[in-house]
Amino acid sequence: APSEQPQNVVLITVDTMRADYLQCTGEAAGTTPHICSLAQRGRVYTRAISPAPATLPALTSIFTHSQVANEKPATVVAHYEPIPTLAQVLQSRGLQTAAFTDHHGLGVSPASPVYPPALLQRGFTVFENFGKDRHGQGAQQVTDAARAWLTDHANAPYFVWVHYFDPHFNYRPDPSLAQRFGFSSEECGRITNGIDITEIRKMGSTLTAGEVACLVALHKAELHATDAAIGQLLEALPKQPEPLVIFAYDHGEEFLDR
C-alpha cells in the first residue's frame, strides 16, 4: 500500500548502451564517471538483460513489468494496451508525472504505424520530446528541461522519466571528444563523424576491424557526453527528501558482435 507521503522517483534511461562500455562494469577508459558514481552509492544489477533489441518494445516491457516484447508488433500492442504503466500507477498514488526525451520515436512521430509511442505516454501529465529525427543531439536540452520542471515541482511527490538518445546512431560527438576516445578522421576511412546509419547498414559485414573500432570510439564519445548531462541532472535533484533514482538502458549495440 502507498505510504502517506509517496517517495519521489527519478527514472533515467539511455538508448543503445552497453554494460561493458561503462567504466565501472568493464570499460577502462573514463567513459561514464557520473553514472558509475551513482552505481557506487546504490545497488548494481550485473545480470540485467534487455527484454528486446529495440527501443519501443523494450521500454514498454520495463514500464509494464510484462514481457512479450519479441512477438509480432500487433501482438505486442494488443498485449500491452490494457496493462497499466508505471507512470499510471504512480500517478494514481498522487505523484506528479513528467517525461523528457529527444528520441524521435517516442512521441513526435510513430516509429512504426503498428507500434504507437502513445503506449509509453500513458500516465504522464507532461511528456516533452525534443527529437525530430535520428540526427538530433539533445542530451543537454533534455537535462535542462528536466531540471527546470524539477525546480517548479519539487515540493510535491513526483515521478520523472528522462530518456537520452545520443548514444544511438547517428553519432555526432564533439570532434575533440571523439579524438579523445580514439577517433581519427585521417585513419577511419569510410567512417566519418556523423555518418548516417543507412550508410553503415550498406557496409554491413564489409566493415573492417579498424572501421568498427572507429564506430566504437564515436559511440563512447557520445556516452561520455550523455554521462556529463546525467551528472548535471543528478546534481540538480532535490536533496530533501532524497528521491529514489533508477538507472537503466533499453538495449545494447552490437558492433558486428554477431
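- Note: L234 CG to I35 CD1 = 8.5 Å, rounded to the nearest 0.5 Å.
- In terms of modelled atom types and a separation under 3.5 Å, the side chain of R172 and the main chain of D166 share no donor-acceptor contact.
- Counting all heavy atoms, side chain and backbone alike, V89 lies closest to P84 at CG2-CB, 4.2 Å.
- In plain terms, the two heavy atoms of P243 and V10 that are nearest each other are CB-CG2, 4.1 Å.
- The only member of T85, T101, L56 that meets side chain to side chain contact (heavy atoms under 4.5 Å, CB included) when paired with L120 is L56.
- Rounding to the nearest 0.5 Å gives a distance of 10.5 Å between NE2 of H79 and OG1 of T60.
- In this structure the side chain of T143 never reaches within 4.5 angstrom of the side chain of I230, judged on heavy atoms.
- In this structure, Y45 OH and T25 OG1 are separated by 15.5 Å, a value rounded to the nearest 0.5 Å.
- To the nearest 0.5 Å, atoms CG (L207) and CG (L215) are separated by 6.0 Å.
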Given R147 and T151, is the side-chain hydrogen bond (donor to acceptor under 3.5 Å, both in side chains) satisfied, shown in steps? CA-CA 6 Å; R147 291 175 63 181; T151 298; over 6 Å; no
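- Residues A145 and F130 approach most closely at CB-CZ, 3.5 Å, considering heavy atoms.
- For E242, the CD atom is loosely surrounded, since the number of other residues' heavy atoms within 6.0 Å does not exceed 12.
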Run T13 and V162 through side-chain contact (heavy atoms from CB on, under 4.5 Å) and show every step you take. CA-CA 6 Å; T13 52; V162 186; over 6 Å; no
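- Residues D102 and G138 approach most closely at OD2-N, 2.9 Å, considering heavy atoms.
- Side-chain N or O atoms of D196 include none that pairs as donor or acceptor with a backbone N or O of N170 at under 3.5 Å.
- Under the 4.5 Å side-chain criterion, counting only non-hydrogen atoms from C-beta, Y158 is not in contact with L90.
- For the pair L244/N8, no side-chain contact is recorded, criterion being any heavy-atom separation below 4.5 Å from C-beta on.
- By the 4.5 Å heavy-atom criterion applied to side chains, V68 and Y80 are counted as neighbours.
- Here the shortest heavy-atom pairing between L218 and A178 reads CD2-CB, 3.9 Å.
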Step by step, would you call H104 with F165 a ring pair (Phe, Tyr, Trp, His ring centres under 6.0 Å)? CA-CA 9 Å; H104 60 286; F165 185 67; 5.5 Å; yes
Apply side-chain contact (heavy atoms from CB on, under 4.5 Å) to I195 and M203, showing your working. CA-CA 12 Å; I195 187 172; M203 297 176 193; 3.6 Å; yes
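- With 3.5 Å as the limit, one finds a donor-acceptor pair spanning the side chains of D15 and T55.
- Within the 4.5 Å cutoff, the side chain of R190 has heavy atoms near those of the T206 side chain.
- Side-chain contact between F159 and L95 is present, with at least one heavy-atom pair separated by less than 4.5 Å.
- Using cut-offs of 30° and 60° on the angle between ring planes, the pair H163 and W161 is tilted.
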Report the C-alpha separation of M17 and Y164 in whole Å, then their side-chain angles, then the decisive distance to 0.1 Å, and conclude whether the side-chain contact (heavy atoms from CB on, under 4.5 Å) test is met. CA-CA 10 Å; M17 191 173 190; Y164 293 95; over 6 Å; no
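- In this structure the side chain of L150 reaches within 4.5 angstrom of the side chain of L233, judged on heavy atoms.
- Under a cut-off of 6.0 angstrom, the local environment of NZ in K72 is sparse, with at most 12 non-hydrogen atoms contributed by other residues, nucleotides or ligands.
- For the residue pair H219 / Y171, a side-chain donor-acceptor distance below 3.5 Å is found, with atom types taken as modelled.
- Heavy-atom minimum distance, P167 versus T226: CD-OG1, 3.6 Å.
- Side chains of Q140 and Q232: a donor on one and an acceptor on the other come within 3.5 Å.
- Considering only heavy atoms from C-beta on, P33 comes within 4.5 Å of D227 through its side chain.
- No donor-acceptor pair closer than 3.5 Å links the side chain of E253 to the backbone N or O of T16.
- Between D257 and R18 there is a salt bridge, since at least one side-chain N of the basic residue sits less than 4.0 Å from a carboxylate O of the acidic one.
- Atom-to-atom distance recorded for E222:CD and F181:CZ is 11.0 Å, nearest 0.5 angstrom.
- Counting only N and O atoms by type, the side chains of Q91 and T125 include a donor and acceptor under 3.5 Å apart.
- Side-chain heavy atoms closer than 4.5 Å link hydrophobic residues (I, L, V, M, F, W, Y) into clusters, and following such links, even through other members, never connects I12 to V44.
- Rounding to the nearest 0.5 angstrom, the gap separating the CG atom in L177 from the NE2 atom in H224 is 5.5 Å.
- Classification of the Y21-F255 ring pair by plane angle, with boundaries at 30° and 60°, yields tilted.
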